[in-house]
*Asks:* 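Once you've had a glance at the structure underneath, I'll fire off some questions.
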There are 2 protein chains.
Amino acid sequence: MENKKQVLAESVFFKGLPEPLLHQLAQIAQEKKFRRGEMIFLEGTACSGFYIVAQGQVKLYKMALDGREQILYVLEAGEPFGIVPVFHGHSFPASASSLTAVTALFLPKKEFIALLAAHPELALAVMAAMARRMRRFAAKIESLSLKDVPARLTAHLLYLARKQGGTSQITLDIPKKQLANLLGTSAETLSRIFNDMSAAGLIRVEGRRIALLDHTAFQGGTIMERGTVTQKRSG
Amino acid sequence: MENKKQVLAESVFFKGLPEPLLHQLAQIAQEKKFRRGEMIFLEGTACSGFYIVAQGQVKLYKMALDGREQILYVLEAGEPFGIVPVFHGHSFPASASSLTAVTALFLPKKEFIALLAAHPELALAVMAAMARRMRRFAAKIESLSLKDVPARLTAHLLYLARKQGGTSQITLDIPKKQLANLLGTSAETLSRIFNDMSAAGLIRVEGRRIALLDHTAFQGGTIMERGTVTQKRSG
DNA sequence: TCCAATTCTTGAGCTATGTCAAGGAATGGC
DNA sequence: GCCATTCCTTGACATAGCTCAAGAATTGGA
């Protein structure tokens, strides 16, 4: 109970809300556990509530009939998922599964909406979180349509660098195959582009550890647009 | 005034809200007019409120440095835009401009948030609209990443058919160049794919009027996945 | 410590789609 | 009804990135 409240208090959704409200939220929240690689929900399935990640990583993704997959978002502790059908429609717009062992809090739709209606500050927090998610989605659309793969990767590396405290020594937080699915490319192409960027002296890759070398090129955004890194294929 | 209220009453955001609330909303709404092709706001610009389309069409889009453009959404009468920065951050995540002459209502952020806090039903309506938008964005990401251009076009034609009352005689509501930008392709490629689909007996194209011929192929979703229509280029 | 499984890399070849360039059609304002 | 725009099409060509296939490297379990 206390530890549910703790999780809620630190989540993006509920950060900064008054203690009594957090208490009420903790009362309706149910803890759920998932093993690594487990399906949490499937696109198109009916929804009776949403989740907040307490521990571990969850991927939100769309899958094609032939098995290709596009990750929309990788969620970490404190982030909500499955909110769309709470407010519109009945089914999940995407699938979710765990990338690691996961603990999540489940908040049933009905009880949550009752709380929402009674607490405007809660509603505003939810809207802010949804707006943030929309920014991310808009950026992803832009990225898929207007940037080539090197530019998408560069943007992602910069994002990680910021998230990991502005260091130039970053660590990929997901396997490269998953990163490829997140960037909308294949593992093979991603691997080749790591090579190209290494050969160009921009980065050094050692497993999941990546050093950003040419700081000016990164900071200046030189590689942010199309075609800059591109050169003959490594080999 | 009355006519502002009318627009609000019929909008996606505010449909079904009680009369007195609509009246209050109409009081804070300011009418703005734009000529065809005018910029309404630019990505990255600070925002002091959001808009609702009263008449005409607005495109929400991202633009690359080299001028290529990806349309996120085409908005018509009743649809809100520019809401993201009302709830998160300060700047618009995308640009907006008019595809036709446009009349819009502008709702200042501060006054709107005051109303929101006082009216939970308004907040729920806003969240529903945002959730709907997120579904669309998720579908667009899926489409760009997992579908080829013929499949994207097919999905769009089906969407138009539904929107235009389930008929198989549909009319494109935007120029083909804009449609290309909406589907994440070039005008040239779009043109060629119209040819291929015509040659395959799936559609007949006459300017902006399109007849869906092979109903089973469309309904069954045969062309929804990759590669089905693809064949040698027309020529 | 070794095996099994997963994850990653590399090679080779193909194709969907982009770009450039130019001509033709349609549209709207006056 | 005509001109000026805008819009659309077609051809020729280039290429980014995908797929298939196989081998290498890493990881974790027992």
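Convention: sequence-line order gives letters A, B, ...; per-chain numbering from 1.
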*Asks:* Roughly how far, to the nearest 0.5 Å, is the CZ atom of A:F81 from the OH atom of A:Y73?
*Replies:*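 Separation between the atoms: 12.5 Å.
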*Asks:* To the nearest 0.5 Å, how far apart are CZ in A:R132 and CZ in A:F13?
*Replies:*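 Result: 9.5 Å between the selected atoms.
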*Asks:* Rounding to an integer number of Å, can you tell me how far B:D196 CG sits from C:dA16 C1'?
*Replies:*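 Going from B:D196 (CG) to C:dA16 (C1'), I get 11 Å.
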*Asks:* Between D:dC18 atom C1' and A:D66 atom CG, what is the distance in whole Å?
*Replies:*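 Those two atoms, CG and C1', are 12 Å apart.
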*Asks:* Rounded to the nearest Å, what distance is computed from the CG atom of residue A:L183 to the C1' atom of nucleotide D:dG17?
*Replies:*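 Nearest whole value for this atom pair: 14 Å.
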*Asks:* Can you measure A:I193 atom CD1 to C:dT9 atom P for me and round it to whole angstrom units?
*Replies:*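 So the two atoms are 12 Å apart, to the nearest Å.
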*Asks:* Mind checking if B:G184 touches a base, just sugar-phosphate, or nothing, with heavy atoms under 4.0 Å?
*Replies:*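 Sugar-phosphate: the residue B:G184, judged by heavy atoms under 4.0 Å, touches backbone atoms but no base.
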*Asks:* Report the C-alpha distance between A:E31 and A:V7 in whole Å, list the side-chain angles of each, state the deciding distance to 0.1 Å, and finish with yes or no for side chain to side chain contact (heavy atoms under 4.5 Å, CB included).
*Replies:* CA-CA 11 Å; A:E31 191 175 279; A:V7 170; over 6 Å; no
*Asks:* With sequence neighbours left out, write down each residue that passes side chain to side chain donor-acceptor pair (under 3.5 Å) with B:E38, or none if nothing qualifies.
*Replies:*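 Checked B:E38 against side chain to side chain donor-acceptor pair (under 3.5 Å); zero matches.
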*Asks:* Atom CG of B:L144 to atom C1' of D:dG17: distance rounded to whole Å?
*Replies:*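 After rounding, the gap between these two atoms is 16 Å.
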*Asks:* Which pairs of donor and acceptor atoms, one on a side chain in residues 89-97 of chain A, lie under 3.5 Å apart (sequence neighbours left out)?
*Replies:*
residue, atom, partner, partner atom, Å
A:S95, OG, A:E43, N, 2.9

*Asks:* So, using ring pair (Phe, Tyr, Trp, His ring centres under 6.0 Å) as the criterion, who are the partners of A:Y61 when residues are at least two apart?
*Replies:*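 Listed in chain order: nothing, the list is empty.
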*Asks:* Enumerate the protein-to-nucleotides 6-9 of chain D contacts in which both atoms are nitrogen or oxygen and the separation is below 3.5 Å.
*Replies:*
residue, atom, partner, partner atom, Å
D:dC8, OP1, B:K176, N, 3.0
D:dC8, OP2, B:K176, N, 3.0
D:dC8, OP2, B:K177, N, 3.0
D:dT9, OP2, B:S191, OG, 3.3
D:dT9, O5', B:S191, OG, 3.3

*Asks:* Measure CZ/A:R68 against C1'/D:dC20 and give the value in whole Å, please.
*Replies:*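 Interatomic distance, CZ of A:R68 to C1' of D:dC20: 15 Å.
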*Asks:* Between the two ends of the helix from C:dT1-D:dA30 to C:dG23-D:dC8, what is the bend in degrees, rounded to 10 degrees, where each end axis spans five pairs?
*Replies:*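 Computed angle between terminal axes is 50°.
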*Asks:* When you measure from the side-chain N and O atoms of B:S186 to the phosphate of C:dT17, is any distance below 4.0 Å, counting only OP1 and OP2?
*Replies:*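 For B:S186, the contact criterion (side-chain N or O under 4.0 Å from OP1 or OP2 of C:dT17) is not met.
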*Asks:* For the CD atom of A:Q70 and the CG atom of A:N181, what is their distance to the nearest 0.5 Å?
*Replies:*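 So the gap between those two atoms works out to 7.5 Å.
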*Asks:* Set out, in order, the CA-CA distance, both residues' side-chain angles and the distance that settles side chain to side chain contact (heavy atoms under 4.5 Å, CB included) for B:L75 and B:Q57, then state yes or no.
*Replies:* CA-CA 6 Å; B:L75 302 138; B:Q57 292 175 316; over 6 Å; no
*Asks:* May I ask you to verify if any side-chain N or O of B:T189 is less than 4.0 angstrom from the OP1 or OP2 atom of C:dG18?
*Replies:*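 Yes.
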*Asks:* Tell whether B:R192 reaches the base of D:dG11 with its side chain through a donor-acceptor pair below 3.5 angstrom.
*Replies:*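 When only heavy-atom distances are counted, B:R192 does reach the base of D:dG11 through a donor-acceptor pair under 3.5 Å.
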*Asks:* Whole angstrom is fine here: how far is it from CZ in A:R35 over to C1' in D:dG28?
*Replies:*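 Whole-Å distance recorded here is 17 Å.
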*Asks:* Nearest-Å distance, CD (A:E69) to C1' (D:dT19)?
*Replies:*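 So the CD-C1' distance, A:E69 to D:dT19, works out to 17 Å.
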*Asks:* Which side-chain N or O atoms in residues 162-174 of chain A pair as donor and acceptor under 3.5 Å with protein atoms at least two apart or in another chain?
*Replies:*
residue, atom, partner, partner atom, Å
A:K163, NZ, A:E76, OE1, 3.4
A:K163, NZ, A:D173, OD2, 3.2
A:Q164, OE1, A:T171, N, 3.0
A:Q164, NE2, A:T171, O, 2.7
A:T167, OG1, A:Q169, N, 2.8
A:T167, OG1, A:Q169, O, 3.4
A:T171, OG1, A:R209, NE, 3.4
A:T171, OG1, A:R209, NH2, 3.0

